[in-house]
Asks: 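My structure is below; once you've seen it, I'll send some questions.
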Protein chains: 2
Amino acid sequence: MGIQERKTRHKEDLRKRILEAAKKLFLTAGYEATSIRKIAKEIEFSPTTIYLYYKDKSDIIYALHQEGFQLLRQNFQPLMQVESPFERLKALGRCYIKFAFEHPDFYELMFVMKDPMEHLEINCVEASWEDGERVFDFLLKTVRDGQDQGYFKGLDATHVAMEAWASVHGMCALYVSGHLRSMMHVVFGDEDQERMIENAFRVLVHYLESTK
Amino acid sequence: MGIQERKTRHKEDLRKRILEAAKKLFLTAGYEATSIRKIAKEIEFSPTTIYLYYKDKSDIIYALHQEGFQLLRQNFQPLMQVESPFERLKALGRCYIKFAFEHPDFYELMFVMKDPMEHLEINCVEASWEDGERVFDFLLKTVRDGQDQGYFKGLDATHVAMEAWASVHGMCALYVSGHLRSMMHVVFGDEDQERMIENAFRVLVHYLESTK
DNA sequence: AAAAATAGTGAACACTGTTAAGTTTCACAA
DNA sequence: TTGTGAAACTTAACAGTGTTCACTATTTTT
């Protein structure tokens with residue numbers, strides 16, 4: 001069975017190499033440039049070979065989507081240790097925004113693009129978006145912990161979490177899509193995008209804080 | 001000059017017909033289905049003819065983007081008469097969300113897709129996003145009017161407006177991209193998307209109200 | 001009537017995702 | 001050692017995309 005094993009490993013290897021090539025193209029040249037043919041050229045195989053390892057393009061895109069969430073969770077890891085729920089909530093927001101600024105392509109793939117969600121609905125049973133669920137659960141738990149400390153009185157934790165997510169996502173989405181940029185040097189002065197979002201985030205934190 | 005005029009009118013006519021065909025395809029079959037060739041087939045002209053009236057595809061897409069803003073402003077029109085700034089602010093938010101739910105394709109084109117912003121940066125001098133500016137200015141003015149009535153004490157109007165926009169945009173963006181949908185029947189019960197956003201919006205309104 | 005400007009088109013280029021059919025490689029049984 | 005069958009991979013093609021160039025009619029102007 002040694003040979004069979006080696007073959008399997010070799011096969012898994014190529015699957016991984018395809019994803020690595022896709023990631024490289026995606027991060028250096030963007031989504032548009034990540035074509036099956038270019039991935040094939042990158043790993044020096046024929047385009048059709050890729051279809052032996054991934055069902056279709058959306059399958060590869062979804063795998064990248066998942067890699068993005070792995071990266072995000074790595075960023076969240078240290079926040080687990082913050083004991084004060086409110087501090088943790090603030091840090092969570094800041095970390096989320098930082099991620100979007102540092103990895104705009106990943107952010108778009110994870111929270112803006114329709115393709116991965118469509119892939120999910122078509123290919124996965126019960127269409128469960130586990131990656132999104134895990135992130136939201138962390139946020140929801142933090143909000144609930146905050147309620148135990150007297151924050152968000154008379155408000156539903158789910159709705160508070162949803163509002164907070166939407167708020168921060170809105171800022172990040174406007175940033176990665178370029179809408180914020182197009183707005184900036186028209187409406188405001190020299191204040192840069194990062195600073196603008198920082199200030200908007202402060203307003204949100206102010207709101208959250210004043211619920212105690 | 002009668003003949004010259006008629007010809008010009010005829011030419012403008014075809015330009016309009018191209019846009020109408022593009023809009024029809026866009027609204028019935030989505031962005032992906034709106035190809036130059038399909039637009040050409042719709043108006044029964046050769047694909048190359050379209051290039052005599054529009055510089056390229058992004059030029060058509062941007063024209064649609066502008067049509068969307070015209071429609072949004074029409075929706076905003078009645079709100080101008082609301083005298084109470086806070087009531088106007090609430091109505092503005094609700095109207096914005098309603099627009100996104102009623103015209104998700106337009107919403108995506110106007111506030112999510114990168115293409116129109118890129119078109120702007122490439123083709124327009126000073127890259128001024130006038131459409132976005134006008135909407136934001138209306139929001140900003142409403143916030144300032146609210147401040148005159150004692151709301152948003154100690155907060156910068158621009159940052160309050162930005163936070164509010166991001167908040168509501170976040171909800172709409174999560175809706176139109178399908179991320180909210182993928183989340184719903186995993187994390188929450190039967191509560192539908194519209195209801196969820198309604199509740200999140202209520203939370204935002206609660207925050208805003210409590211600044212007085 | 002000749003020249004010039006205008007409007008529109010056909011064919012092609014360089015791409016895209018994807019599939020059907022064919023070829024090469026290679027472990028394993030006779 | 002040779003034949004066999006499966007696995008791995010490729011070639012060629014299909015149907016589509018945005019876009020451009022060279023060409024043809026048509027109409028206006030000289």
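Lettering follows sequence order; numbering is per chain, from 1. Values in this document were obtained by computation on a predicted structure and should not be read as measured data.
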Asks: So, do A/Glu163 and B/Tyr207 sit near enough that their side-chain heavy atoms are less than 4.5 Å apart?
Replies: yes
Asks: Output the rounded distance in Å from CD1 (A/Ile50) to P (D/dC9).
Replies: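 It works out to 12 Å between those atoms.
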Asks: Expressed in angstrom and rounded to an integer, what is the separation of B/Ile61 atom CD1 from D/dT17 atom P?
Replies: 13 Å
Asks: Find out whether the Lys NZ or Arg CZ of B/Arg15 is both under 6.0 angstrom from the six-membered ring centre of B/Tyr54 and within 45° of the ring's axis.
Replies: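 Positive - B/Arg15 is close enough to the ring of B/Tyr54 and near enough to its axis.
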Asks: When the side chains of residues 87-96 of chain A are checked against the rest of the protein, which donor-acceptor pairs come out under 3.5 Å, sequence neighbours left out?
Replies:
unit_1	atom_1	unit_2	atom_2	d
A/Glu87	OE2	A/Lys90	NZ	3.3
A/Arg88	NH1	A/Val82	O	3.0
A/Arg88	NH2	A/Asp145	OD2	2.5
A/Arg94	NH1	A/Glu198	OE1	3.3
A/Arg94	NH1	A/Glu198	OE2	2.9
A/Tyr96	OH	A/Tyr107	OH	2.8
A/Tyr96	OH	A/Trp165	NE1	3.1

Asks: Salt bridge (charged side-chain N to carboxylate O under 4.0 Å, His left out), that's the test. Do A/Glu121 and B/Arg181 meet it? Break it down for me.
Replies: CA-CA 10 Å; A/Glu121 296 223 337; B/Arg181 196 183 124 76; 2.9 Å; yes
Asks: What is the separation between atom CG on B/Asp115 and atom C1' on D/dG18, rounded to the nearest whole Å?
Replies: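 These atoms are roughly 13 Å apart.
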Asks: Out of A/Phe101, A/Phe111, A/Phe99, A/Phe201, which residue meets the ring-ring contact (aromatic ring centres under 6.0 Å, His included) rule with A/Tyr175?
Replies: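 For A/Tyr175, the ring-ring contact (aromatic ring centres under 6.0 Å, His included) check succeeds only for A/Phe101.
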Asks: Just report the end-to-end axis angle for the helix from C/dA1-D/dT30 to C/dA30-D/dT1, five pairs per end, to 10 degrees.
Replies: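 Taking five pairs per end, the axes differ by 40°.
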Asks: Between A/Gly132 and B/Met183, which heavy-atom pair has the shortest distance, and what is it?
Replies: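 Residues A/Gly132 and B/Met183, closest heavy atoms: O-CE, 3.6 Å.
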Asks: Among residues at least two apart in sequence or on other chains, which ones pass side-chain contact (heavy atoms from CB on, under 4.5 Å) with A/Ala164?
Replies: none
Asks: Set out, line by line, the N/O atom pairs under 3.5 Å between protein and nucleotides 22-26 of chain D.
Replies:
none

Asks: Please name all residues satisfying side-chain contact (heavy atoms from CB on, under 4.5 Å) with B/Ala166, sequence neighbours left out, ordered by chain then number.
Replies: A/Met171
Asks: So, do A/Lys41 and A/Leu25 sit near enough that their side-chain heavy atoms are less than 4.5 Å apart?
Replies: no
Asks: How are the rings of B/Phe106 and B/His103 set relative to one another: parallel (under 30°), tilted (30 to 60°) or perpendicular (over 60°)?
Replies: perpendicular
Asks: Do nucleotides 8-18 of chain C as a string where each nucleotide becomes B, S or -: B if the base has a protein heavy atom under 4.0 Å, S if just the sugar-phosphate does, - if no protein is that close.
Replies: BBBBB---BBB
